[in-house]
Amino acid sequence: MSPEALAVADQIYSGDFEGGRAAALRLQEQQPQHPIGYLLEAEALWWKIWCTSAEVKYGMTYPRHRAKLSADRHYLELAARVSALAEAQIAQNDSAEMEFYAGMGDALASRLYGLRGEGRTTARAGVRAREHLLRAAAINADLADADFGLGLYNYYIDTLSAAARVLRFSWAFPEEARKKGSGSYSTRLQRAYWRRRRPAFI
């Protein structure tokens, strides 16, 4: 990412969601055909959703479920925009960077669907994200963020409940992802940018 985009991400992850969103909008104006500005705006919105939906349970603070809201529409539009812009560039010249952004767009959508309890939609978006991340890792084996995203996906599959595993085939979860499981979660964990930028306010 550019130094400008890194600064926006750090602003968001320091808890300044409104300032980070405003900076992301400026990036969109400067680079309207690049996914990064839309991804960062969605990220700023996501952490507002996270904070307003979180609850303390079993000694942990985490958002477990939230009803569908009209405000969700803009967030999902941003996620779709990230994927669409990346896929447009992939069609012209495939690259690890754009495969990664395409996967991130689907991942953005997946986590909101998951928060709303929409299991099948969550799974389908997650599978699409995985496909793009696998392609990104195949193009550039040193892209640690793609490995981290795949590790999170495999960890999620590995920790599914027994009932969810029975439904895995109708939800389109790949069997090989479950076999890899949580073991791949830590692969290149310390090198991944998005992992290192874990919000400081949590």
Determine whether a donor-acceptor pair (N or O, by modelled atom type, separation under 3.5 Å) exists between the side chain of [X] and the backbone of [Y].
X: Glu131; Y: Gly126; value: no
X: Ser83; Y: Ala102; value: yes
X: Ser110; Y: Ala125; value: no

Value rounded to 0.5 Å, distance of [atom1] in [X] from [atom2] in [Y]:
X: Leu45; Y: Leu108; atom1: CG; atom2: CG; value: 10.0 Å
X: Leu25; Y: Tyr38; atom1: CG; atom2: OH; value: 9.5 Å
X: Gln33; Y: Leu85; atom1: CD; atom2: CG; value: 6.0 Å

Summary of salt bridge (charged side-chain N to carboxylate O under 4.0 Å, His left out) pairs that have at least one residue in residues 107-119, sequence neighbours excluded: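 Every pair satisfying salt bridge (charged side-chain N to carboxylate O under 4.0 Å, His left out) with a residue in residues 107-119: Glu43-Arg111, Asp72-Arg116, Arg116-Glu118.
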Sort and list the pairs that fulfil salt bridge (charged side-chain N to carboxylate O under 4.0 Å, His left out) and have at least one residue in residues 77-91, not counting sequence neighbours. Arg73-Glu77
Let me see the working for Asp94 and Gln89 under side-chain contact (heavy atoms from CB on, under 4.5 Å), right down to the final yes or no. CA-CA 7 Å; Asp94 200 1; Gln89 294 196 41; over 6 Å; no
Under-4.0 Å salt bridge between Arg124 and Asp106: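 No salt bridge links Arg124 with Asp106.
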Is it true that Arg26 and Glu4 make a salt bridge, defined as a side-chain N closer than 4.0 Å to a carboxylate O? no
Could you check if a side-chain atom of [X] sits within less than 4.5 angstrom of a side-chain atom of [Y], using non-hydrogen atoms only?
X: Ile49; Y: Leu115; answer: yes
X: Leu76; Y: Tyr113; answer: yes
X: Ile12; Y: Asp16; answer: no
X: Leu78; Y: His74; answer: yes
X: Leu112; Y: Arg66; answer: yes
X: Pro35; Y: Met98; answer: yes

Under 3.5 Å, is there a donor-acceptor pair linking the side chains of Gln28 and His34?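 Distance-only check fails for Gln28 and His34.
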Minimum heavy-atom distance between [X] and [Y], given as atom pair plus value:
X: Val8; Y: Ala23; result: CG2-CB, 3.6 Å
X: Ala79; Y: Gly105; result: CB-O, 3.5 Å
X: Leu27; Y: Gly37; result: CB-CA, 4.0 Å
X: Ala96; Y: Leu143; result: O-CD2, 3.9 Å
X: Ala44; Y: Phe17; result: CB-O, 3.7 Å

Is the distance between the ring centroids of His132 and Tyr101 under 6.0 Å? no
Would Trp47 and Leu40 show up in the same hydrophobic cluster when neighbours are defined by side-chain heavy atoms closer than 4.5 Å?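 In one cluster with Trp47: Leu40, yes.
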Would you say Ile90 ends up clustered with Ile139 if hydrophobic residues are merged whenever their side chains have heavy atoms under 4.5 Å apart, either directly or through other cluster members?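 The answer is no; the residues belong to distinct hydrophobic clusters.
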side-chain hydrogen bond (donor to acceptor under 3.5 Å, both in side chains) with Ser95: which residues, sequence neighbours excluded?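 Counting only residues at least two positions away or on another chain, Ser95 forms no side-chain hydrogen bond (donor to acceptor under 3.5 Å, both in side chains).
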